[in-house]
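For reference, the structure discussed in these notes is given below.
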Amino acid sequence: MGSQSLLVLSAPTMVIPSKIAVSSLAPPRPGPLCFPRALTITDSVVFRVKSNSARNKLASSIRCALTPALKTTLDKVVTSHKVVLFMKGTKDFPQCGFSQTVVQILKSLNVPFESVNILENELLRQGLKEYSSWPTFPQLYIDGEFFGGCDITVEAYKSGELQEQVEKAMCS
């Protein structure tokens with residue numbers, strides 16, 4: 001019969017902020033949002049699979065579900081700032097062209113925004129895909145609501161819709 005192979009999956013480190021400080025009297029802290037290491041998952045999970053196709057199917061079916069704790073954290077992050085960009089890299093050093101494009105658009109509009117580097121945490125990255133029901137990055141949130149990715153942001157910028165949404169958010 002087919003040979004058996006061993007698949008070892010190590011859980012990536014999961015980070016959940018201990019708290020997000022937001023005061024109605026003080027503006028949010030400048031700079032990118034950080035997800036300090038508060039919870040670490042380091043155990044390995046071992047599965048025995050009989051074929052490459054079974055291994056691939058198993059690996060694709062194992063994904064980080066959006067935990068209640070992560071959902072609560074993401075809710076706090078996106079509602080604590082008027083504009084939040086979940087991106088590859090930071091607003092000062094984007095790590096992909098799509099993220100760079102959205103950063104340039106927001107900067108050209110002089111929009112103050114927070115950025116979260118999703119490359120620093122795989123569980124955050126996977127959880128965000130479920131949270132927004134959007135599979136790619138960057139992901140832009142305006143006034144606590146998912147706005148879109150790069151293509152949607154570019155089109156909204158060209159049509160003037162982005163400027164309207166941002167102005168509305170800044171006034172609320």
Side-chain angles (χ1 to χ4, degrees), residues 9 11-17 20-22 27-38 41 56-57 59-172:
L9 298 175
T13 301
M14 178 178 184
V15 273
I16 299 172
I20 297 175
V22 177
R29 287 180 275 158
L33 297 173
C34 296
F35 284 79
R37 294 176 192 243
I41 301 170
N56 292 339
K57 187 174 184 179
S60 68
S61 69
I62 298 173
R63 55 189 244 192
C64 171
L66 181 62
T67 64
L70 182 56
K71 182 184 182 314
T72 299
T73 298
L74 291 172
D75 286 341
K76 287 179 184 176
V77 170
V78 301
T79 57
S80 297
H81 306 278
K82 296 293 183 180
V83 180
V84 180
L85 181 62
F86 293 94
M87 60 181 288
K88 294 179 179 178
T90 65
K91 60 181 156 185
D92 296 323
F93 190 68
Q95 302 259 330
C96 88
F98 300 111
S99 293
Q100 171 69 31
T101 298
V102 176
V103 166
Q104 286 178 335
I105 288 171
L106 294 173
K107 285 183 175 182
S108 76
L109 296 173
N110 294 316
V111 175
F113 68 98
E114 294 298 324
S115 65
V116 178
N117 183 358
I118 54 97
L119 295 176
E120 293 178 346
N121 186 298
E122 184 62 26
L123 291 178
L124 170 65
R125 187 162 116 175
Q126 294 304 319
L128 266 166
K129 290 178 182 181
E130 293 178 37
Y131 182 78
S132 64
S133 299
W134 195 260
T136 60
F137 293 94
Q139 293 184 6
L140 181 62
Y141 286 78
I142 300 174
D143 210 16
E145 297 291 325
F146 176 67
F147 184 80
C150 182
D151 292 343
I152 289 172
T153 302
V154 168
E155 289 303 314
Y157 174 70
K158 289 178 181 177
S159 72
E161 179 189 353
L162 180 62
Q163 294 88 323
E164 290 174 19
Q165 289 289 326
V166 168
E167 287 172 9
K168 182 180 171 186
M170 294 302 163
C171 293
S172 66

Are more than 12 heavy atoms, taken from residues, nucleotides or ligands other than K107, located less than 6.0 Å from that residue's NZ atom? yes
To the nearest 0.5 Å, what is the distance between [atom1] ([X]) and [atom2] ([Y])?
X    : Y    : atom1 : atom2 : result
L74  : S132 : CG    : OG    : 9.5 Å
K71  : L128 : NZ    : CG    : 12.0 Å
E155 : S159 : CD    : OG    : 7.5 Å
Y141 : E114 : OH    : CD    : 15.5 Å
M87  : T101 : CE    : OG1   : 10.0 Å

Would you say the side chain of [Y] lies within less than 4.5 Å of the side chain of [X], judging by non-hydrogen atoms?
X    : Y    : result
V83  : M170 : yes
F113 : K91  : yes
L140 : F86  : no
I142 : L162 : yes

To check you understand the geometry: which heavy-atom pair defines the closest contact between [X] and [Y], and what is its length?
X    : Y    : value
K129 : F137 : CE-CE1, 3.8 Å
V103 : P94  : CG2-CG, 4.4 Å
Q95  : G89  : CG-CA, 3.3 Å
G127 : L70  : CA-CD2, 3.9 Å
I152 : F147 : CG2-O, 3.7 Å
A169 : D143 : CB-CB, 3.8 Å

Is there a donor-acceptor pair under 3.5 Å between the side chain of S99 and the backbone N or O of K88?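 It does hold such a pair.
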Examine distances only and state if a side-chain atom of E130 and a backbone atom of L66 form a donor-acceptor pair shorter than 3.5 Å.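 Judged by distance alone, yes, a pair lies under 3.5 Å.
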Quick one, S172 with K82, criterion side chain to side chain donor-acceptor pair (under 3.5 Å). Give me CA distance, side-chain angles, the key distance, then yes/no. CA-CA 9 Å; S172 66; K82 296 293 183 180; 3.2 Å; yes
Check step by step if side-chain contact (heavy atoms from CB on, under 4.5 Å) holds for R125 and L119. CA-CA 7 Å; R125 187 162 116 175; L119 295 176; 3.3 Å; yes
Kindly write out the residues that satisfy side-chain contact (heavy atoms from CB on, under 4.5 Å) with D151, not counting sequence neighbours, or none if the list is empty.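 Counting only residues at least two positions away or on another chain, D151 forms no side-chain contact (heavy atoms from CB on, under 4.5 Å).
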I'd like to know if the side chain of E122 pairs up with that of Q126 as donor and acceptor (distance under 3.5 Å, no hydrogens or angles considered).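 Short answer, yes.
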Qualifying residue, where the test is side-chain contact (heavy atoms from CB on, under 4.5 Å) with E120 and the options are L124, V116, N117, I118: N117
Partner set under ring-ring contact (aromatic ring centres under 6.0 Å, His included) for F98, not counting sequence neighbours: none
With a 6.0 Å cut-off on the ring centroids, do F146 and Y131 count as close?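 No.
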